[in-house]
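I have placed the structure first, in the form of C-alpha cells, so that the comments after it can refer back to it.
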Amino acid sequence: MPPWLQWSLIIAGTIAIIALLVFIRRQAVLLAEGRRRQQKAEAFQAKRRQDMIESIRVIAMAIEEDQVEYSEGCLRIKGLLDHVAPELMEKPPFEVFMVVYEQIRHMPTHQARQDTETRFVEKMDKERFEVERRYADEIRRAATAIRHHVF
C-alpha cells in the first residue's frame with residue numbers, strides 16, 4: 001500500500017473519530033438538558049400538587065369554622081380533588097363533595113349569576129341552602145376527614 005493512501009486513510013479515520021466525538025458530546029448535552037427540564041417539570045408539578053393539597057386543607061378548615069358556605073366549599077374541594085385524588089370522591093366520607101356538586105352544578109356562578117334575573121337567583125339560593133342544610137353534617141365530617149387525610 002502506498003504511503004499516500006495510508007496517510008489518506010489515517011486522516012479519514014481521524015476525521016470520522018472527531019465527527020463521532022462531536023456528535024456524542026452534542027447528544028450528551030441534549031440528554032442532560034432534557035433531564036434538567038424533566039426534573040424542573042417534576043418539581044413544579046410536585047409543588048403545584050402540594051399547593052392544591054394545602055388549599056384543600058384551608059377550605060376544609062373554613063368549612064369546619066363556618067367561614068364559607070358549604071356549597072361553595074364543596075365545589076372548590078371537588079375541583080381540587082379532581083386534580084389531586086379523584087378516586088377519593090367515590091369513597092365515604094368524601095363522596096358528599098360529589099353529591100353536593102351534582103345537585104348544584106347547574107346553578108350559574110360569577111358573572112352568569114349577576115346576569116340572571118333576581119327572582120331566579122333567589123329560587124336557586126333557596127334550593128342551594130336546602131342542599132346545604134340536608135348534607136351539613138356529612139359535609140362537616142368530610143371536611144374534617146379531608147383535612148387530616150394523608151395524600
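The basis for the numbers below is simple: all heavy atoms, side chains too, and nothing from hydrogens, waters or symmetry mates.
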To the nearest 0.5 Å, tell me how far [X] [atom1] sits from [Y] [atom2].
X	Y	atom1	atom2	value
C74	E138	SG	CD	10.0 Å
R26	I24	CZ	CD1	12.0 Å
L75	L80	CG	CG	11.0 Å
R128	M107	CZ	CE	7.0 Å
L81	M98	CG	CE	9.5 Å
I139	T144	CD1	OG1	12.0 Å

Could you tell me whether K78 sits above the aromatic face of Y101, with NZ or CZ closer than 6.0 angstrom to the six-membered ring centre and within 45 degrees of the axis?
->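 Pair K78/Y101 counts as cation-pi.
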[Y] side chain reached by [X] side chain, heavy atoms, under 4.5 Å:
X	Y	value
E95	E90	no
Q27	L30	yes
I53	Q50	yes
R133	Y70	no
I59	I146	no
S55	V58	no
I77	I63	yes

Closest heavy-atom contact between A60 and A143?
->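 Scanning both residues completely, I find the closest heavy atoms to be CB-O, 3.3 Å.
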Minimal non-hydrogen separation, A142 against V96, with atom names | CB-CG1, 3.5 Å
Would you please classify the geometry between the F151 ring and the H149 ring as parallel, tilted or perpendicular, with 30° and 60° separating the classes?
->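 Perpendicular: the ring planes of H149 and F151 meet at over 60°.
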Linking I/L/V/M/F/W/Y whenever any side-chain heavy atoms sit under 4.5 Å apart, do M1 and W4 land together?
->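 Per the 4.5 Å side-chain linkage, M1 and W4 are co-clustered.
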Spell out, yes or no, whether M61 and V100 are grouped together once hydrophobic residues are joined by side-chain heavy atoms under 4.5 Å, including indirect joins.
->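 Result: no, two separate clusters.
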Between [Y] and [X], does any NZ, NE, NH1 or NH2 come within less than 4.0 Å of an OD or OE carboxylate oxygen?
X	Y	answer
K126	E122	no
R57	E54	no
E64	R140	no
D51	K47	yes

Got more than 12 heavy atoms from elsewhere within 6.0 Å of CD, E87?
->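 More than 12 within 6.0 Å, yes.
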Please report the C-alpha distance between K40 and R36 in whole Å, then the side-chain angles of each, then the deciding distance to 0.1 Å, and finally whether the side chain to side chain contact (heavy atoms under 4.5 Å, CB included) criterion is met.
-> CA-CA 6 Å; K40 189 175 179 180; R36 257 192 318 278; over 6 Å; no
The single option from E127, R134, E130 that satisfies side chain to side chain donor-acceptor pair (under 3.5 Å) with Q103 is R134
